[in-house]
Amino acid sequence: MKRTILFFTLLLTVSLASVQAKTLIVYYSYTGNCKSITNALSNQITADVLEIQPAEKGLRYEANNYALGTQLLNAIKANPNNESSYPAIDPVSVSISDYQNIIIVTPLWWSQMAAPMQTFLFNYGFQMTGKNIGLIVSSASSGISGVEADCKRLVSNGKYYSKSLWIRSSQVSIASSLVSQWLQQINFTDNNISDAMKIRVSDGTNTITYELNETSAAKSLYQMLPLEVTVENYGNNEKIFYPPTEVSHGADCIEGDCPAGTLALFSPWGNVVMFYGAASRYSGLYILGKATSGADNIRQLTGTIRIETVGDASGIHSMKADNTDEASLGYTLNGMIATEGQKGIVIKNGKKILVK
Ligand SMILES: Cc1cc2nc3c(=O)[nH]c(=O)nc-3n(C[C@H](O)[C@H](O)[C@H](O)COP(=O)(O)O)c2cc1C
């Protein structure tokens, strides 16, 4: 799949690629979490990316116990229909009508949508009538219903995906896997998927997406899907499984070195190999494709795995909500787990507590 990432900011405007993506990801990030989440998302779908930046630079929203952040949100709350209540952002150059899907990635501030993202949606939300709207929110630990309410106020006629994705700051390192599960749960399709054969392998917790090559062996495997099989360990760099029927392979099949992330058929035994460590070329080891996301998850695959074509609605199965961890002393507003002796505001069980 050809991926097009465009950053539309005043300072940086990259020309449109020949294929216009149908999905826009718009994000704001103060401390970098939403930016990382956006990177994980844009690696998995075809999308243009728009970053929102406050017009006033160098502001410290967290200073004096988050006084400035609070002040900005209070101004919006007091007068939500007045443009002057919203903090200025850098001008953006985006044509909302070009997109069918809009995914908003925003931090939570005081249980509300971060103020700069509210400004963008105040300016453009009315153009999003009938668009598919996805919402991804990052917070330290507060629940995201207030952000969902802000989004619905500002984009009142969007067609919302069934579920928003909440990623705590402590979960940003696994954003790729959380995003991948969410895309499956909402049955996201980005409308301009190429003809490439894409498959998803998952044990319900760990998910990997592969793009297959055009060989007869890859097509043979693709035609068998969906499959549920047992994954096995092999050596110290492979997970393998045996398809129930033989994967046929013709003269077009390719032998070659297999870097981590390669999917291959070991034809003498008939098993499929998912490499998480590199392997050298081996006779009868035919390359089927490569991982396009989640390659870091291969090593953890265990038990029964489901293999299916991407876009298959039946892909929603045994999903685990990953929002259950709670540090015993709560979280700081930066998303760090609070430690003994932590002073200032701490969020515990969704409530802000001032620890003196
Ligand atoms: C002004 C401000 C207010 C915040 N309020 C909360 C809050 O009420 N609850 C919470 O769990 N996290 C709160 N946070 C933490 C952020 O939601 C969290 O760190 C998020 O991951 C930041 O995303 P970013 O790195 O993309 O800016 C706040 C952060 C800031 C800057």
Side-chain angles (χ1 to χ4, degrees), residues 7 9 25-42 49-77 85-87 89-90 103-121 134-151 164-176 178-179 182 321-339 342-355:
F7 289 88
T9 69
I25 306 171
V26 53
Y27 80 97
Y28 167 66
S29 189
Y30 175 51
T31 57
N33 292 334
C34 289
K35 185 173 188 156
S36 302
I37 294 165
T38 298
N39 286 340
L41 175 63
S42 65
V49 177
L50 170 63
E51 180 180 9
I52 302 305
Q53 306 239 15
E56 205 173 339
K57 308 298 175 199
L59 294 178
R60 290 188 52 231
Y61 301 103
E62 77 288 13
N64 303 323
N65 264 341
Y66 296 76
L68 177 55
T70 314
Q71 188 187 317
L72 294 178
L73 292 163
N74 284 345
I76 295 174
K77 242 186 183 168
S85 309
Y86 293 80
I89 56 172
D90 278 350
I103 303 183
I104 298 157
V105 187
T106 179
L108 168 151
W109 285 3
W110 296 115
S111 299
Q112 296 155 69
M113 180 182 284
M117 181 59 85
Q118 292 208 37
T119 305
F120 171 75
L121 293 181
L135 181 63
I136 302 182
V137 183
S138 181
S139 74
S141 73
S142 299
I144 65 170
S145 58
V147 183
E148 288 178 318
D150 286 332
C151 202
S164 310
L165 175 61
W166 172 22
I167 301 185
R168 292 169 189 230
S169 20
S170 57
Q171 295 175 312
V172 169
S173 59
I174 56 161
S176 184
L178 296 176
V179 162
W182 179 68
D322 208 352
N323 289 319
T324 47
D325 65 309
E326 187 69 62
S328 60
L329 295 170
Y331 293 86
T332 68
L333 284 178
N334 290 327
M336 309 301 290
I337 291 176
T339 48
Q342 177 83 43
K343 299 273 186 278
I345 291 174
V346 165
I347 299 164
K348 197 161 175 233
N349 300 324
K351 294 201 171 67
K352 294 181 200 81
I353 303 164
L354 180 61
V355 183

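Remember, it's 1-based here, ligands and their atoms both numbered in the order they're listed.
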For the 3.5 Å polar cut-off, considering only N or O atoms, please tell me whether Pro107 and ligand 1 meet it. no
Do any N/O atoms on Glu62 end up under 3.5 angstrom from N/O atoms on ligand 1? no
Purely on distance, is any nitrogen or oxygen of Ser29 under 3.5 Å from one on ligand 1? yes
Are Asp150 and Lys77 close enough for a salt bridge, meaning some N to O gap below 4.0 Å? no
Worked check of side chain to side chain donor-acceptor pair (under 3.5 Å) between Glu51 and Tyr28: CA-CA 6 Å; Glu51 180 180 9; Tyr28 167 66; over 6 Å; no
So do the side chains of Leu135 and Thr106 get within less than 4.5 Å of each other, counting heavy atoms only? yes
Atoms of ligand 1 under 4.0 Å from any heavy atom of Ser169, numbered from 1 in the order shown, are 19 (O), 21 (O)
Are any of the side-chain heavy atoms of Met113 and Cys151 separated by less than 4.5 Å? yes
With Glu148, which residues qualify under side-chain hydrogen bond (donor to acceptor under 3.5 Å, both in side chains), at least two apart? Ser164
Would Tyr30 count as being in polar contact with ligand 1, using the rule that some N or O on each side must be under 3.5 angstrom apart? yes
With a 4.5 Å limit on heavy-atom distance, are the side chains of Leu72 and Ile76 in contact? no
For Tyr61, which residues count as a ring pair (Phe, Tyr, Trp, His ring centres under 6.0 Å) partner, sequence neighbours excluded? Tyr30, Trp109
Thr31 to ligand 1: N or O pair under 3.5 Å? yes
Which of the ligand 1 atoms, numbered from 1, are nearer than 4.0 Å to a heavy atom of Ser142: 7 (C), 8 (O), 9 (N), 10 (C), 11 (O)
Where ligand 1 meets Cys34 - atom numbers and elements under 4.0 angstrom, heavy-atom basis: 24 (P), 26 (O)
Which of the atoms in ligand 1, numbered in the order shown and given with their element, are less than 4.0 Å from a heavy-atom of Ser141? 10 (C), 11 (O)
Numbering as shown, the atoms of ligand 1 that approach Ser111 to under 4.0 Å (heavy-atom distance): 8 (O)
I'd like to check whether Leu108 has a polar contact with ligand 1, where a contact means an N/O of the residue lying under 3.5 Å from an N/O of the ligand. yes
Starting at CD1 of Ile37, measure out to CD1 of Ile136 and round the result to the nearest 0.5 Å. 7.0 Å
